[in-house]
Amino acid sequence: MKEEGCIFCKIANGEIPSATLYEDEDFRVILDLGPAAKGHALILPKEHYPNLYELPDELAEKAVLLAKKMITKMKKALNCDGFNVVQNNGAPAGQTVFHFHMHLIPRYEGDHAGFGWNTGELNAADREEILTKMQKFS
Ligand code: AMP
Ligand code: ZN
């Protein structure tokens, strides 16, 4: 299933050219046009699913295995020192293209990719509230 007007559908299926690192029947892995660091890549399924909630389990399993395979190979090829594997769901989480994708971001000692978040502290009220709410959905 493809979504009309979705740029990642077009890229994943080769209608728009891309710097492709890997391709199989389910996925294409491309270089991000706005890299957070040198070698920043994206795993794109060829079928359109907006986010991880809606991605079928079979593709989710394959995507994680592909991420492992790609970062193992890229680590050797690029000689980077680490990797962030990131996947955003929803605009408040930073998603800007609403076709599921995983970011593979090589990290280098001393780079200024600036990736991270401000940390708080888990308080007792939040801990109890979250544990209680989650139990209702187990
Ligand atoms: P997200 O914010 O998680 O939705 O990530 C979208 C990513 O897609 C960003 O890192 C963009 O730089 C990247 N991007 C957007 N359009 C293109 C494109 N045409 N080719 C490659 N990467 C793209
Ligand atoms: Zn799409």
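Remember, it's 1-based here, ligands and their atoms both numbered in the order they're listed. Any value given below was found using the heavy atoms of this structure, including those in side chains, with hydrogens, waters and symmetry copies removed. A quick note: this is a predicted structure, and the numbers were derived from the prediction, not measured. By convention here, the first residue in the shown sequence is residue 1.
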*Asks:* What angle, to the nearest 10°, do the atoms ND1 (His48) and SG (Cys9) form about the Zn ion (ligand 2)?
*Replies:*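 An angle of 110° at the metal.
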*Asks:* Around atom 10 (O) of ligand 1, find the nearest protein heavy atom and jot down its residue, atom name and distance.
*Replies:* Asp32 OD2, 2.5 Å
*Asks:* Which protein heavy atom lies closest to atom 4 (O) of ligand 1, and at what distance to 0.1 Å?
*Replies:* Thr96 N, 2.7 Å
*Asks:* Quick check against the 3.5 Å criterion: does Asp126 have a side-chain atom that pairs as donor or acceptor with the backbone of Glu129?
*Replies:*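 No; zero donor-acceptor contacts below 3.5 Å.
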*Asks:* Looking only at heavy atoms of Gln87, does any of them come nearer than 4.0 Å to an atom of ligand 1?
*Replies:*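 Contact absent.
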*Asks:* Identify the closest protein heavy atom to atom 22 (N) of ligand 1: which residue and atom is it, and at what distance?
*Replies:* Leu33 N, 3.2 Å
*Asks:* Give the numbers and elements of all ligand 1 atoms closer than 4.0 Å to a heavy atom of Ile11.
*Replies:*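 It comes down to these atoms of ligand 1: 18 (C), 19 (N), 20 (N).
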*Asks:* Just how far is it from atom CG of Asp32 to atom CD1 of Ile105, taken to the nearest 0.5 Å?
*Replies:*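 Rounded to the nearest 0.5 Å, the CG-CD1 separation comes to 8.0 Å.
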*Asks:* What is the closest protein heavy atom to atom 2 (O) of ligand 1, and at what distance does it sit?
*Replies:*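 Going by distance alone, atom 2 (O) of ligand 1 is nearest to Gly94 O, 2.8 Å.
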*Asks:* Nearest heavy-atom pair of Ser18 and Ile30: which atoms, and what distance?
*Replies:* OG-CG2, 3.3 Å
*Asks:* Could you list the atoms of ligand 1 found under 4.0 angstrom from a heavy atom of Ile30?
*Replies:* 21 (C)
*Asks:* Between Asp81 and Glu109 (side chain of the first, backbone of the second, donor and acceptor by atom type, cut-off under 3.5 Å), is there such a pair?
*Replies:* yes
*Asks:* Counting from 1, what ligand 1 atoms have a heavy atom of His103 closer than 4.0 Å?
*Replies:* 1 (P), 3 (O), 5 (O), 7 (C), 10 (O)
*Asks:* Hey, does Leu42 sit under 4.0 Å from ligand 1 if you only count heavy atoms?
*Replies:*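 True for this residue.
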*Asks:* Would you call Lys46-Glu23 a salt bridge at under 4.0 Å N-O?
*Replies:*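 Salt bridge between Lys46 and Glu23, a charged N being under 4.0 Å from a carboxylate O: yes.
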*Asks:* Side-chain contact test, heavy atoms from C-beta onward, threshold under 4.5 Å: evaluate it for Tyr22 versus Lys69 and give yes or no.
*Replies:*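 Yes; the side chains approach each other to less than 4.5 Å.
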*Asks:* What atom name does the N, O or S atom of His99 nearest to the Zn ion (ligand 2) carry?
*Replies:*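 Of all N, O or S atoms belonging to His99, ND1 is the one nearest the Zn ion (ligand 2).
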*Asks:* Which protein non-hydrogen atom lies closest to atom 14 (N) of ligand 1, naming both residue and atom, and how far is it?
*Replies:*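 Its nearest protein heavy-atom neighbour is Phe8 CZ, 4.0 Å.
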*Asks:* Using a 4.0 Å cut-off to any heavy atom of Ile7, which atoms of ligand 1 qualify?
*Replies:*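 In order of number, 19 (N).
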*Asks:* Determine the minimum heavy-atom distance between Pro45 and Phe100, stating which atoms define it.
*Replies:* CD-O, 3.2 Å
*Asks:* Taking the six-membered ring for Trp and the full ring for Phe, Tyr or His, determine whether the centres of Tyr49 and His99 are under 6.0 Å apart.
*Replies:* no
*Asks:* Which pair of non-hydrogen atoms, one from Leu52 and one from Asn89, has the smallest distance, and what is that distance?
*Replies:* N-OD1, 2.8 Å
*Asks:* Give the residue and atom name of whichever protein heavy atom lies nearest to atom 1 (P) of ligand 1, and the separation in Å to one decimal.
*Replies:* His101 NE2, 3.1 Å
